[in-house]
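One structure is given below, encoded as structure tokens.
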Amino acid sequence: MTSPRPAVRDSFLPFSRPTIGEEEVAELLDCVRSGWLTSGPKVEQFTSQFAAYVGARHAAALSSATAGLHLALLAHGIGAGDEVITTPLTFAATLNVIELVGAVPVLADIDRHTLQIRVDEVARAIGPRTRAVIPVHCVGQPVDLDPLLALARAHNLVVIEDAAHAVGTEYKGRRIGTFPTTREFSFHPNKNITTGAGGMLVTDDEDVLSRVIELRFHGMQRDAWKRFDKEASPRYDIARPGYKYNMMDLQAALGIHQLPRLDGFIEARRRLADRYQAAFQDLDALIVPEAVAYPARHAWHLYTPLVRLDALTIDRDRFMRELKARNIGVGLHYTAAHEFSYYRDRYGWCPEDYPDAHFVSERILSLPLFPTLSGAEQDDVIAAVRDIAQRSAR
Ligand SMILES: Cc1ncc(COP(=O)(O)O)c(C=O)c1O
């Protein structure tokens, strides 16, 4: 029987919380005390550590993944008149940077079960102006890269992997980061490892790397920060104007100690996700996340069930409000990009143009998932979800 009043936690449980240890704190203090806060030796250390982890030849540390996606497009010479294919189920940054370089985003629908962009939809979206594809490894599972890369090769398209969710994700036994594309990772505080804010662009192409390095810091050449060394000249040249997209040592200080802990973080996330899956399996109110059909390691960046609208008297937004009323934090990843007013107005996109993305966009929510989520906290989430489901059953 439904109790008259729902159980409410004493304190608010966020949907995400970074796991920062004593090593990170000590490194941060070391950085502060060193007197060198901006890009410097800690960024160099984190960059080579990260390149080694993902098995890439080159990496460039940046202020965010958004900056990395922006520079990746510029470094590949993508701009006015070009079309770039991507998914509607992504963070706004993926589409925004396409607009910001003057190119046109073209959408390819997702698979509503796995949330990943569909390669047959990408194929359908290719036209004479298509220059690039930005697949997003959504929520920590990989896109089906083999057929996507084959398609891109056949049409001579640049592939920029938006790997913001995919630090530690594997596709057919290989880490995301090892495939021959330009790839971009995020270290935003809700990601699998964090530098406060930050991103890493990874490439095997020397030319792409040198353009990114030039553009990330005003247009100055490689290792511009070394101009303050005793032996170095403070003079520099600007061959073309750039941005201020560099990562700081203050940020890298966290990354240096987060990266070795990544596999442990993912294992903790997986255990928690398994527990959610078991707890919600029998619940009519939710469609639990589905695994991709090819071999993969899910990095469990997010735990994103869909609300089953036909089994409930409330919609997804009300479901989220009910969770918050019970002091449970919740995320929304994502409202499909083609439903934002800017994109709707500019391209005349309707929700139904991408039916699977629209289906997901109306139903998805992110439940709390982070390595230090305790069993008792997770029990509170499960109890709250079950309580809402029971009270709102159709
Ligand atoms: C899919 C996706 N792409 C890009 C970004 C941008 O990352 P950042 O916050 O590091 O700029 C995010 C961040 O949430 C994301 O989820």
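Ligands are counted one by one from 1 in listed order, and the atoms in each one are counted from 1 as well. These numbers were taken from a predicted model, which means no experiment stands behind them.
- Two rings, from Phe340 and Tyr334, have their centers 6.0 Å or more apart.
- Under a 4.5 Å side-chain heavy-atom criterion applied to ILVMFWY residues, the cluster that includes Val136 comprises that residue alone.
- Between His137 and Asp162 the shortest side-chain heavy-atom distance does not fall below 4.5 Å.
- Among residues two or more places apart in sequence or in another chain, the side chain to side chain contact (heavy atoms under 4.5 Å, CB included) test is passed with Tyr342 by Glu99, Arg346.
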Filter the ligand 1-protein atom pairs down to N or O on both sides and distance under 3.5 Å, then list them.
| from | atom 1 | to | atom 2 | distance (Å) |
| --- | --- | --- | --- | --- |
| ligand 1 | 3 (N) | Asp162 | OD1 | 3.2 |
| ligand 1 | 3 (N) | Asp162 | OD2 | 2.7 |
| ligand 1 | 10 (O) | Ala65 | N | 2.9 |
| ligand 1 | 10 (O) | Ser186 | OG | 2.8 |
| ligand 1 | 11 (O) | Ala65 | N | 3.3 |
| ligand 1 | 11 (O) | Thr66 | N | 2.9 |
| ligand 1 | 11 (O) | Thr66 | OG1 | 2.5 |
| ligand 1 | 14 (O) | Lys191 | NZ | 2.6 |
| ligand 1 | 16 (O) | His165 | NE2 | 2.7 |
| ligand 1 | 16 (O) | Tyr334 | OH | 2.8 |

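- Applying the salt bridge (charged side-chain N to carboxylate O under 4.0 Å, His left out) definition to pairs two or more places apart or across chains, those involving residues 273-298 are Asp263-Arg297, Arg270-Asp274, Arg275-Asp379, Asp282-Arg386.
- Side-chain atoms of Tyr303 and Gln277 include a donor-acceptor pair closer than 3.5 Å.
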